[in-house]
Amino acid sequence: MTKIRANAAEISDSGEPQLPTSMRAMGRKPLRYLEDLNPEQREAVETLDGPLLVLAGAGTGKTRVLTTRIAHILSLGRARPSQILAVTFTNKAAREMKARIGQLIGGVVEGMPWLGTFHAIGVKILRRHAELADLKPSFTVLDTDDQIRLLKQLLGAENIDEKRWPARLLAAMIDGWKNRGLTPKRVPEGESFAFANGKGRDLYALYQKRLKELNAVDFGDLLLENLRLFQEHPDVLAQYQQRFHFMLVDEYQDTNVAQYLWLRLLAQGSRNICCVGDDDQSIYGWRGAEVDNILRFETDFPGAKIIRLERNYRSTANILGAASGLIAHNQGRLGKTLRTDIGAGDKVEVQGCWDDEEEARVIGEDIEQFQRQGQSLSEIAILVRASFQMRAFEDRFITLGLPYRVVGGPRFYERQEIRDATAYFEVTLNPANDLKFERIANTPRRGLGEASLKSLHQLARAHNVPLMQAARLIVETEELKPRPRKALADLIDSFDRWRSLIDTMRHTELAELILDESGYTAMWQAEKSPQAQSKLENLKELIRFMEEFDTLAGFMEHVSLVMDAEAEEGAARVNLMTLHSAKGLEFDVVFLPGWDEGLLPHQRSLDESGRSGLEEERRLAHVGLTRARARAKITFAQNRRTHGMWQQAIPSRFIDELPIDHVEVAETQGFHGSYGQSRFDTAENLFASGFYETPGWQRAQRNRPRGGANQSPRAREPITIDGTLVAASTIEGAGLEVGTRVFHQKFGYGHIVQVDGNKLTVDFDKAGQKKVVDSFVERV
DNA sequence: AACTAATACTTTTTT
DNA sequence: AGTATTAGTT
């Protein structure tokens, strides 16, 4: 078989003289890279034609399949690098793929122009056809800050009380609509009502209008505008359909509706789309990811082949067994059986603690123990559900003198000083960028306060010109008091001067000049707070990062999309992070603290999304367990401080769902709580008095559909766009529609005013309008 | 415009 | 409880 393929490679090889020599050289070798794959992986790499879904469980070599597949396509000469579309979610994943393809084909991967994040590729396409989207090719991409700032202005102009209707909420709603591929016109009436009594949709439309005026897009637009471009200009779509001979998608379970539609349009060309993902690792439902996308793959892409990667190369049998047993409790899944050859290993440890402090103490001691055994600290991780849990560990590690690092946290580009600095650069390049102008107009303080900016805004709106233009006008008048007037005039002069230097001065020098002359560096130097120093360091780092680009404009293009802090590899440290940021990573030893009911199945997730929320929490737990190679330890606390108040906690139901054979309940030292030796004793005692007794939980249990493993994970109305079925699933709890009279344990009687999937907006007779989950109400 | 007092938050996070 | 943002005061 290898031989036949090798021949095929040679034949097509000669027909494709454009291939780089390194790849051609590879074609002659009998495709050695295939020999390192197991049969399923190999099939996934070699099944090139038609739609393919690779269900890759945790640790089964997902990235390897993806990268080898690309190498394979190239070496067979089935496509040139520029004819392959490969999308990931994060820049990190894209970088890693580039590096690994480089290793495979020997050398740097030049000319994989279409390997990148959804957003990066979206920008690229949109810039090429900006005019068709009513934009100039130089459009800017707004970050979240700008987005909020803009919406605040809009709300102000519309006289909407920002207290009652915060800009953040509107931003989240608009984001949600964009994630679902909804333009303002298509926003359902009912949902529009959820903001400012029905103004939601109009505000969205207004916001889009302002974006166009500013020649800007937000993150959501990158996909949405692409979609519109493709739908309204079939010739453009056809162009890309013909270009992309092969499409590869990483983490398919995380795609949202807009991304899905985008992929589907493009895939109508070659039909060679390969999606890799794991429905059991879908943990981003709350930000628009549709598990249904992966569950429905066969329907969406008729004739699709599905390959399961079930051989795990990461964890011991006990860890895998525990994780598999846990995830088996989920109903809406395609189902996989993970195997490993690594051996049984140690059982998963479970230990109860008195409170979160003891939890940190116990884990700290364990880590020191491992350290004495020669375990590297960088191979140890603590994975928490919520970031507030980190504090107890940080406190403990500081007293122990145990080096640790917090993974995740604010990204480099999101830091205040970086945003300020780039705002200066942006305004230098593009004076019409009002949002950035506003951001730095009075930073550092130069006497341009609220009042001055307000007059400026008025003038800008009256003349329909950018703020910078308005500023030029206003300094010629008596409108402002002398002091702000002078400050503004100086600022305009400065920007003009900086702009005149763009072509002559080296961009890094210019950047330093701008930060110096604007007084921005001086501002931080004058501040004595401990953070000021690190902010100055970050600014230096920013300039260093700029070296990698040729021009200021080139740098700015990348800044909002591609920049993030690189993890400095120093001395070995214990890793502390959330379960979400742990996805895709692996460690020898993993600690999973806080498996408390209400924290690991997070209460809010349960409240807001009912059973699908519970299942997502279970997937989160599963992701946590499968990060471990050799050892995993789960802990829970009996007492936990929630917003200042001590509260009793009970062990997570997930602990009881772990298969007993793979688990060992640890002796608790110094622990004298109300529970005995067995975790089941505990659970039973707590069953009698705790969460499971609440009416909501019981009702949720009762409404839970039985049987049918093929049940969809979520009940909701089908989503259609342009009559295209986008996300259909079975509709449970039928009969719950607008107008239906319902009863709720806590809120009493009311009638439904809006249905959004399993979320209902109910107007209660006594309690007023509330959002509730369908399983918590009863028809009356 | 800058300080202090009061008030409102508090799951997860990428682009 | 603790912080982060905002409103009110000087």
Side-chain angles (χ1 to χ4, degrees), chain A residues 87-94 116-123 141-148 152 162-164 166-169 172 175 178-179 217-224 226 250-251 254-256 258-259 282-289 356 383-391 407-414 416 442-453 481 483-484 487 558-564 577-584 594 596 598-609 613 616-617 619-621 623-624 640-647:
Chain A
V87 275
T88 64
F89 275 85
T90 62
N91 292 307
K92 196 176 155 207
T117 62
F118 275 102
H119 293 85
I121 289 168
V123 184
V141 182
L142 297 193
D143 55 46
T144 332
D145 273 15
D146 295 332
Q147 204 183 348
I148 304 276
K152 271 191 181 154
E162 247 204 83
K163 279 276 137 53
R164 234 168 95 72
R168 292 199 153 281
L169 177 68
D175 243 31
K178 288 184 175 177
N179 284 159
V217 296
D218 64 17
F219 285 125
D221 282 335
L222 293 178
L223 260 289
L224 195 59
N226 256 270
D250 191 17
E251 307 275 19
D254 288 337
T255 49
N256 60 38
Q259 288 158 340
S282 162
I283 54 175
Y284 285 106
W286 50 274
R287 70 175 197 214
D356 53 347
L383 311 180
V384 297
R385 169 70 244 257
S387 43
F388 75 84
Q389 290 175 265
M390 291 185 184
R391 239 190 54 186
V407 181
R411 297 274 169 292
F412 190 64
Y413 177 70
E414 274 158 24
Q416 182 194 1
N442 201 28
T443 312
R445 308 247 111 104
R446 49 172 70 90
L448 289 171
E450 222 175 299
S452 316
L453 279 185
K481 297 210 180 76
R483 223 218 275 252
H558 283 265
V559 86
S560 58
L561 288 176
V562 186
M563 224 172 108
D564 45 23
M577 69 190 92
T578 63
L579 287 163
H580 282 92
S581 36
K583 196 168 82 160
D596 303 9
L599 181 57
L600 186 42
H602 199 283
Q603 193 57 50
R604 200 152 149 188
S605 189
L606 260 28
D607 290 346
E608 281 174 8
S609 317
E616 182 154 313
E617 295 290 309
R619 290 193 290 267
L620 210 41
V623 165
R640 202 172 281 281
R641 239 190 322 239
T642 3
H643 10 267
M645 303 264 274
W646 281 100
Q647 287 202 304

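The figures that follow rest on heavy atoms only: side chains count, while hydrogens, waters and symmetry mates do not.
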Length of the [atom1]-[atom2] vector between [X] and [N], whole Å:
{"X": "A/F118", "N": "B/dT15", "atom1": "CZ", "atom2": "P", "value": "13 Å"}
{"X": "A/L606", "N": "B/dT12", "atom1": "CG", "atom2": "P", "value": "16 Å"}
{"X": "A/D145", "N": "B/dT15", "atom1": "CG", "atom2": "P", "value": "16 Å"}
{"X": "A/H602", "N": "B/dT13", "atom1": "NE2", "atom2": "P", "value": "12 Å"}
{"X": "A/L579", "N": "B/dT11", "atom1": "CG", "atom2": "P", "value": "15 Å"}
{"X": "A/M577", "N": "B/dT13", "atom1": "CE", "atom2": "P", "value": "11 Å"}
{"X": "A/M390", "N": "B/dT10", "atom1": "CE", "atom2": "P", "value": "17 Å"}
{"X": "A/Q147", "N": "B/dT15", "atom1": "CD", "atom2": "P", "value": "15 Å"}

N/O to N/O distances under 3.5 Å, protein versus nucleotides 7-10 of chain C:
{"unit_1": "C/dA7", "atom_1": "OP1", "unit_2": "A/K163", "atom_2": "NZ", "d": "2.3"}

Determine the minimum heavy-atom distance between [X] and [Y], stating which atoms define it.
{"X": "A/F89", "Y": "A/T117", "answer": "O-CG2, 3.7 Å"}
{"X": "A/G116", "Y": "A/A94", "answer": "CA-CB, 4.1 Å"}
{"X": "A/F219", "Y": "A/L142", "answer": "CE1-O, 4.0 Å"}

Can you tell me how far [atom2] of [Y] sits from [atom1] of [X], rounded to the nearest 0.5 angstrom?
{"X": "A/R619", "Y": "A/I283", "atom1": "CZ", "atom2": "CD1", "value": "9.0 Å"}
{"X": "A/E251", "Y": "A/T88", "atom1": "CD", "atom2": "OG1", "value": "9.0 Å"}
{"X": "A/Q603", "Y": "A/D596", "atom1": "CD", "atom2": "CG", "value": "12.0 Å"}

Give the nucleotide from the list [options] with an atom nearest to the side chain of [X].
{"X": "A/K152", "options": "B/dT11, B/dT13, C/dT6", "answer": "C/dT6"}
{"X": "A/R391", "options": "B/dT13, B/dT12, C/dG2", "answer": "C/dG2"}
{"X": "A/T578", "options": "B/dT13, B/dT10, B/dT15", "answer": "B/dT13"}
{"X": "A/T117", "options": "B/dT15, B/dT12, B/dT11", "answer": "B/dT15"}

**Request:** Quote, to the nearest angstrom, the P distance that separates C/dT5 from B/dT12.
**Result:** 15 Å
**Message:** When the P atoms of C/dA4 and B/dT11 are compared, how many Å lie between them, rounded to an integer?
**Reply:** 14 Å
Distances under 3.5 Å between nitrogen or oxygen atoms of protein and nucleotides 1-5 of chain B:
{"unit_1": "B/dA1", "atom_1": "OP1", "unit_2": "A/G447", "atom_2": "O", "d": "2.8"}
{"unit_1": "B/dA1", "atom_1": "OP1", "unit_2": "A/G449", "atom_2": "N", "d": "2.9"}
{"unit_1": "B/dA1", "atom_1": "OP2", "unit_2": "A/G449", "atom_2": "N", "d": "3.1"}
{"unit_1": "B/dA1", "atom_1": "OP2", "unit_2": "A/E450", "atom_2": "N", "d": "3.4"}
{"unit_1": "B/dA2", "atom_1": "OP2", "unit_2": "A/R445", "atom_2": "NE", "d": "2.8"}

**Asked** Partners of A/N256 by side-chain contact (heavy atoms from CB on, under 4.5 Å), sequence neighbours excluded?
**Response** A/N179, A/A258, A/Q259
**Asked** Between A/N442 (side chain) and A/L448 (backbone), is there a donor-acceptor pair under 3.5 Å?
**Response** yes
**Prompt:** With a centroid cutoff of 5.5 Å and a plane-angle limit of 30°, would you call A/H119 stacked on B/dT15?
**Reply:** no
**Request:** Evaluate whether the aromatic ring of A/F388 and the six-membered ring of the B/dT10 base sit under 5.5 Å apart, centre to centre, with an inclination under 30°.
**Result:** no
**Asked** Taking the six-membered ring for Trp, are A/Y284 and A/H580 parallel (under 30°), tilted (30 to 60°) or perpendicular (over 60°)?
**Response** tilted
**Asked** With a 4.5 Å heavy-atom cut-off, do A/K583 and A/D254 have their side chains touching?
**Response** yes
**Asked** Would you say a side-chain N or O of A/S605 is under 4.0 Å from OP1 or OP2 of B/dT12?
**Response** no
